[in-house]
Amino acid sequence: MEKLLGQQTKPPRNKSIIRMFFLRVIVAVTLTSALLFTFPDALLKPSWITERLFGLSDEYAPNSQHGACQQVPKLSPKNKDVEQFIQQKVESPEYQKEIINKLSGIIRIPSESYDDLGPIGEDKRWDIFYKVEQYIKAHYPTVFQNVKLDHVNTHGLLLTWEGSVPASEAKPLLMLAHQDVVPVFAENVKDWTHPPYDGYYDGELIWGRGATDDKGYLISIIESLDLLIKSGFKPKRTVILSFGCDEEISGAHCALPISQLLHSRYGDDGIYLIIDEGSMGVQKEFDRSFAMVSVAEKGYMDISINVTSTGGHASNPPDHNTIGILSEIVTTMENNPFTGRVTSKNPTFDFLGCAAVHARESSFPKEIRNKLSKVARGDGKAQKKLAEVLDSTMRYYFRTSQSVGIINGGIKVNAIPELAMARVNVRIAVESSIAQVEEHYEKLIKPIAKKHGMVFEGFNSTRNSTDPRKVSVFSQDGLEPSPVSPVNAEAFKVLSGTIRNTLKPLDINNEGDIIVTPYLMTANTDTKYFWALTKNIYRYTPITLEQNLNHAHTTDEFIRADAFVREPLFFATLVLNADDAVAAR
Ligand SMILES: *[C@@H]1O[C@H](CO)[C@@H](O)[C@H](O)[C@H]1NC(C)=O
Ligand SMILES: *[C@@H]1O[C@H](CO)[C@@H](O)[C@H](O)[C@H]1NC(C)=O
Ligand SMILES: *[C@@H]1O[C@H](CO)[C@@H](O)[C@H](O)[C@H]1NC(C)=O
Ligand SMILES: [Zn+2]
């Protein structure tokens with residue numbers, strides 16, 4: 001082909017062609033100037049043109065200013081006096097020393113919650129929570145003079161700072177924290193660098209159980225109220241603090257009744273915004289700092305499988321007894337894990353979009369970037385492909401997880417076991433549901449029961465079979481994946497603007513502003529009881545969580561003091577900005 005073209009003779013340059021050429025140049029220059037005059041962006045950013053021309057294809061281009069993950073401007077409170085009062089306070093050494101002491105002190109109260117706790121009022125182990133209440137009352141007298149305190153099931157504490165505008169016109173802002181901590185077992189105490197309940201401050205870190213999860217958060221939000229009250233600020237929008245007593249054991253004693261009380265007061269959608277602890281703070285991903293706000297939680301399920309049969313003497317055994325059949329079921333489950341798929345419903349997908357746009361081009365893998373547009377358009381093949389690419393690093397953000405945690409069977413080596421049982425913990429992907437998980441397991445397990453000539457009792461079975469040879473599956477504590485909180489809501493913009501105003505990226509000199517991104521929580525918080533109160537539920541901890549979440553739930557939990565002392569500035573600014581949004585209506 002090349003040769004052929006090369007042999008073509010050039011057309012003669014006659015006058016009309018030259019005239020045509022100049023005409024084209026003039027038209028081109030005129031059009032370009034008009035374009036640049038109207039859209040000056042095009043001059044500065046070549047990608048602007050490709051974005052306009054190709055639409056979606058560049059939504060995930062590096063530094064795309066019109067694509068995914070648009071950032072709101074920094075939001076600063078209108079009331080400058082109050083803002084300055086709080087900023088100055090937070091910078092002052094006396095304040096910093098005081099709040100560190102307050103956190104150390106509350107860590108010294110070992111308010112552990114245990115899975116086998118009986119009802120409040122009956123089980124004496126709850127009484128430690130009286131001490132927590134006394135402690136916060138003693139250290140925040142100003143707050144308690146200004147709020148209405150409700151005791152919910154004795155140890156749930158609800159503090160309401162009434163705004164001047166009725167809740168029907170300005171929905172309240174709700175901040176959650178929990179008073180309880182994960183227990184430290186006596187045999188593990190020696191593994192701690194500093195004893196878990198000393199609240200030791202070494203000049204840099206505050207150590208102890210609850211430092212991060214969640215007493216640092218609790219102290220920060222009540223401190224923010226204290227600062228606001230002392231500044232003279234009077235809210236238009238009601239502010240509510242809710243301190244649960246049982247987040248670590250699933251919230252039925254405190255979080256549930258608190259949510260019910262709030263619902264009876266404010267009704268469906270009666271709350272403006274809920275903020276609660278998150279599993280991410282300011283974190284570096286793809287070499288860029290992000291404030292990662294969890295806008296959804298995966299679902300939860302515990303599945304049990306009972307295999308029962310007639311027993312007998314081990315000298316005359318069947319080929320497969322209950323233990324063998326259960327093993328076959330477990331192996332089949334593990335060999336058929338839930339498949340991954342990335343969809344645009346998943347907030348982790350939005351995070352990838354944010355990273356594609358805001359991380360440096362060389363730090364974000366091309367093989368992820370080049371699939372994002374297709375995934376957003378619902379291309380099933382691209383959704384599966386992307387899940388494969390992400391499988392090694394982010395696998396459980398995009399699929400349902402299963403983990404066999406307990407297996408039991410048999411009591412004597414020379415007796416045929418009558419019962420074998422296994423329990424499986426399942427965390428349900430946001431795209432899935434309890435019903436889909438049940439179907440998946442029934443499809444796998446039913447044929448195994450049939451093969452061995454056993455009755456199969458599914459999840460919805462009436463369980464009235466009298467046949468002793470059966471495989472039963474059932475579930476407990478089912479929780480659907482949470483609704484995904486909107487990122488285009490005014491409440492999210494207020495939160496987002498507050499984050500951008502008060503928090504800084506990890507590499508302050510090289511990164512510019514912090515980028516706020518939606519994210520997914522793979523664990524559950526107390527917010528699981530609060531879905532009816534608002535769509536705007538955001539789980540966010542305004543610090544950097546290092547070394548596996550500051551060692552929350554394990555040995556040597558800590559919090560970095562310089563970050564902790566600034567948390568109240570974030571929460572107070574959130575209250576002020578949410579209050580300004582009332583006036584803006
Ligand atoms: C399963 O087995 C356990 C004993 O391990 C028993 O308590 C439970 O009632 C059984 N459930 C069903 C549905 O068979
Ligand atoms: C069990 O019943 C629920 C509620 O009716 C339903 O959503 C679910 O799909 C059923 N599960 C199975 C495996 O049939
Ligand atoms: C179990 O209950 C179901 C529904 O009530 C019924 O259809 C079935 O015949 C019962 N089976 C036995 C063995 O009683
Ligand atoms: Zn927690």
Side-chain angles (χ1 to χ4, degrees), residues 77-79 81-83 85-86 89 132-133 136-179 217-245 254-255 257-276 490-491 494-495 498 526-527 529-530 532-538 568-585:
K78 294 206 177 89
N79 192 330
D81 294 340
V82 170
E83 187 188 28
F85 174 89
I86 291 167
K89 214 42 188 181
V132 180
E133 181 182 344
I136 50 182
K137 277 180 172 163
H139 288 80
Y140 291 100
T142 312
V143 171
F144 283 90
Q145 280 156 21
N146 284 272
V147 301
K148 173 165 150 276
L149 171 66
D150 289 289
H151 291 91
V152 185
N153 195 14
T154 310
H155 296 307
L157 305 177
L158 201 59
L159 283 61
T160 306
W161 191 22
E162 206 69 54
S164 58
V165 177
S168 54
E169 286 167 44
K171 296 178 185 177
L173 171 70
L174 174 58
M175 309 207 265
L176 308 184
H178 59 90
Q179 307 164 62
Y217 209 88
L218 188 151
I219 291 292
S220 295
I221 57 184
I222 195 166
E223 184 77 34
S224 75
L225 228 59
D226 196 48
L227 291 171
L228 284 165
I229 293 167
K230 286 173 177 165
S231 78
F233 172 71
K234 296 266 189 295
K236 293 190 276 293
R237 188 193 297 283
T238 295
V239 181
I240 305 167
L241 308 190
S242 161
F243 300 146
C245 67
C254 278
I258 288 173
S259 70
Q260 288 164 339
L261 175 64
L262 288 171
H263 193 262
S264 72
R265 257 179 213 169
Y266 304 107
D268 277 347
D269 249 327
I271 294 289
Y272 179 66
L273 176 159
I274 296 177
I275 187 152
D276 192 9
E490 176 196 287
V494 166
L495 171 64
T498 303
D526 275 344
T527 61
Y529 296 110
F530 291 75
L533 281 165
T534 178
K535 293 182 183 68
N536 308 324
I537 300 179
Y538 305 105
L569 174 64
F570 165 80
F571 289 112
T573 309
L574 180 62
V575 170
L576 293 170
N577 284 336
D579 212 67
D580 287 343
V582 178
R585 275 154 211 275

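Owing to the predicted nature of the structure, the values given are computational and were not obtained by experimental measurement. Values below: every heavy atom of this structure, side chains too, minus hydrogens, waters and symmetry copies.
Aromatic pair Tyr272/Tyr266: ring centres not closer than 6.0 Å.
A donor-acceptor pair under 3.5 Å is formed between the side chain of Thr534 and the backbone N or O of Ile271. Side chain of Glu162 to main chain of Thr238: no donor-acceptor pair is present (N/O by atom type, distance under 3.5 Å, no hydrogens or angles). In this structure a side-chain-to-backbone donor-acceptor pair under 3.5 Å is missing from Glu83 to Leu576.
Leu158 and Ser242 get closest at one heavy-atom pair: CD1-CB, 3.7 Å. Taking every heavy atom of both residues into account, Pro568 and Ser224 meet most closely at O-CB, 3.5 Å. For the residue pair Ala491 and Leu273, the shortest heavy atom distance occurs at O-CD1, 3.4 Å. The two atoms that bring Val82 and Ser231 nearest to each other are CG1-OG, 3.4 Å, heavy atoms only. Closest approach of Ala578 and Val494 over heavy atoms only: N-CG1, 3.8 Å. Among all heavy-atom pairs drawn from Gly156 and Ile258, the shortest one is CA-CD1, 4.0 Å.
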Next item on the list: Decide side chain to side chain contact (heavy atoms under 4.5 Å, CB included) for Tyr140 and Leu159; before the verdict, give the C-alpha distance in whole Å, the side-chain angles of both, and the deciding distance to 0.1 Å.
Entry: CA-CA 12 Å; Tyr140 291 100; Leu159 283 61; over 6 Å; no

Checklist line | Test log, rule side chain to side chain contact (heavy atoms under 4.5 Å, CB included), inputs Ile86 and Thr573 | finding: CA-CA 9 Å; Ile86 291 167; Thr573 309; 5.9 Å; no

Next item on the list: Take His263 and Asp268 through the side chain to side chain contact (heavy atoms under 4.5 Å, CB included) test and state the conclusion after the steps.
Entry: CA-CA 7 Å; His263 193 262; Asp268 277 347; 2.7 Å; yes

Check: Should Leu227 and Phe571 be marked as a side chain to side chain contact (heavy atoms under 4.5 Å, CB included) after you check the CA-CA gap, both sets of side-chain angles, and the distance that decides it?
Finding: CA-CA 10 Å; Leu227 291 171; Phe571 289 112; over 6 Å; no

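With a 4.5 Å cut-off on side-chain heavy atoms, Leu157 and His151 count as touching. Residues His139 and Ile222 form no side-chain contact, since every pair of their non-hydrogen atoms from C-beta on lies 4.5 Å or further apart. Looking only at side-chain heavy atoms (C-beta outward), Lys89 and Asp226 stay at 4.5 Å or farther from each other.
Using modelled atom types, one finds no donor on one side chain facing an acceptor on the other under 3.5 Å when comparing Thr527 with Asp276.
A distance of 14.5 Å separates OH in Tyr529 from CG in Leu262, rounded to the nearest 0.5 Å. Atom CG of Asp81 and atom CZ of Phe233 lie 12.5 Å apart (nearest 0.5 Å). Between the CG atom in Leu533 and the CG atom in Leu174 there is a gap of 7.5 Å [rounded to 0.5 Å]. Put simply, CG on Leu225 and CE on Met175 are 6.0 Å apart, with the number rounded to the nearest 0.5 Å. To the nearest 0.5 Å, atoms NZ (Lys234) and CG (Asn146) are separated by 7.0 Å.
Residue Asp579 forms a salt bridge (charged side-chain N to carboxylate O under 4.0 Å, His left out) with just one option from Arg237, Lys171, Lys236, and that option is Lys236. Screening Leu228, Leu241, Ile240 for a side-chain contact (heavy atoms from CB on, under 4.5 Å) with Trp161, the sole residue that qualifies is Leu228.
Salt bridge annotation for Asp150-Arg265: present, with a cationic side-chain nitrogen under 4.0 angstrom from a carboxylate oxygen.
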